[in-house]
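Atoms within each ligand, like the ligands themselves, are counted from 1 in listed order.
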Amino acid sequence: MSEPLYCIEKLWKRFPDGTEALKDINLELRDGTCTIIAGSNGSGKTLLMKSLVGLVDPSEGIIRYRGKPLREVITEVRQSVGLVFQDADAQIIGETVADDVAFGPKNLGLRGSELSFQVDEILKSLELISKKEAPPRRLSGGEKRRLAVAGILAMGCSTVIMDEPFANLDYPGIIQVLTLIMHLKQEGKTVLVLTHELEKMLGLADRLIILHKGYICDDGDPEKVLNRLKPEYGIRDPRQTYRSVKDCTWLIA
Ligand SMILES: Nc1ncnc2c1ncn2[C@@H]1O[C@H](COP(=O)(O)OP(=O)(O)OP(=O)(O)O)[C@@H](O)[C@H]1O
Ligand SMILES: [Mg+2]
């Protein structure tokens, strides 16, 4: 089998106050997969996501990206792995939607008509072209998340990691984000979503990982993981409402 995208071995994160936030994390992520990491508040989801791009340094253990220690390839990682934070406002850089999307490719040296063509193509594909000249702060929550993904795609990222992408969104906003995840999958991108809202998208995922108190407590085929779900994980089995795992998405409901 080919080299995994990520390979995490025995990762621990401890803070000076004694908190052990990530404990003995062992994980492999492969290209082109769609994985959900589910865990209740404080389980370590955001810290794990930040570790994947070097925003949090492990206390122990190693993260390899395509077989190489993360620190050795951090520039490549930051260009290839895009994060969408829960608070989309924190990610806004540009004065206008177009400026915001142009920021990454500009840094990579793109200029003039080539730059504006690329920005327009991405804004069209995410249905944000009509907001091109708008100040990003005026966008709705769902639009802001789409804008964050637009910025990532403009950088040419092949992996997209989304932290609680459904938080604070209304029904249309959730559908917008789900449609986007669907498209990312169809384009062969690697998608990692951190959420406890399984009923909204488990049907789109190939794999479900349960994080609980900093430990990976389960990992595998979504149906099988749900069958082993323990009440202490604080995760609701979406099959209480939906007939099967494949039905667990608001996209077709
Ligand atoms: N700088 C820090 N010092 C001490 N503890 C920290 C620090 N940063 C995070 N933690 C703790 O690490 C744990 C995991 O935090 P994290 O933000 O990854 O949780 P999460 O799963 O994303 O939660 P949520 O669903 O609420 O976003 C929490 O208990 C948090 O309080
Ligand atoms: Mg979090």
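When all heavy atoms of Arg236 and Thr241 are compared, the closest pair comes out as NH2-OG1, 2.7 Å. The minimum heavy-atom distance linking Gly82 with Cys157 is given by the pair N-SG, 3.7 Å.
Residue contacts with ligand 1 leave out Gly39, since none of its heavy atoms falls under 4.0 Å from the ligand. Lys13 does not count as a contact of ligand 1, since none of its heavy atoms falls under 4.0 Å from the ligand.
The existence of a salt bridge linking Arg228 and Asp218 is confirmed by a sub-4.0 Å separation between a basic side-chain nitrogen and an acidic carboxylate oxygen. Salt-bridge formation is not detected for the pair Glu3/Arg66: no Lys NZ or Arg NE/NH1/NH2 atom is positioned less than 4.0 Å from an Asp or Glu carboxylate oxygen.
Ligand 1 has an N or O atom lying under 3.5 Å from an N or O atom of Gly42, backbone or side chain. Polar contact with ligand 1: absent for Ala21 (N/O pair, distance under 3.5 Å).
Taking every non-hydrogen atom of Ser40 and a distance limit under 4.0 Å, the qualifying atoms of ligand 1 come out as 21 (O).
Using a 4.0 Å cut-off between heavy atoms, Asn41 contacts ligand 1 through both its backbone and its side chain. Residue contacts with ligand 1, taken as heavy atom pairs separated by less than 4.0 Å, involve Asp17 solely via side-chain atoms from C-beta onward.
Note that Lys13 lies in the cation-pi zone of Phe15, set by a 6.0 Å cut-off to the ring centre and a 45° limit from the axis.
Nearest to atom 11 (C) of ligand 1 by heavy atom, out of Leu48, Thr46, Thr19, is Thr19.
The closest protein non-hydrogen atom to atom 8 (N) of ligand 1 is Phe15 CZ, 3.4 Å.
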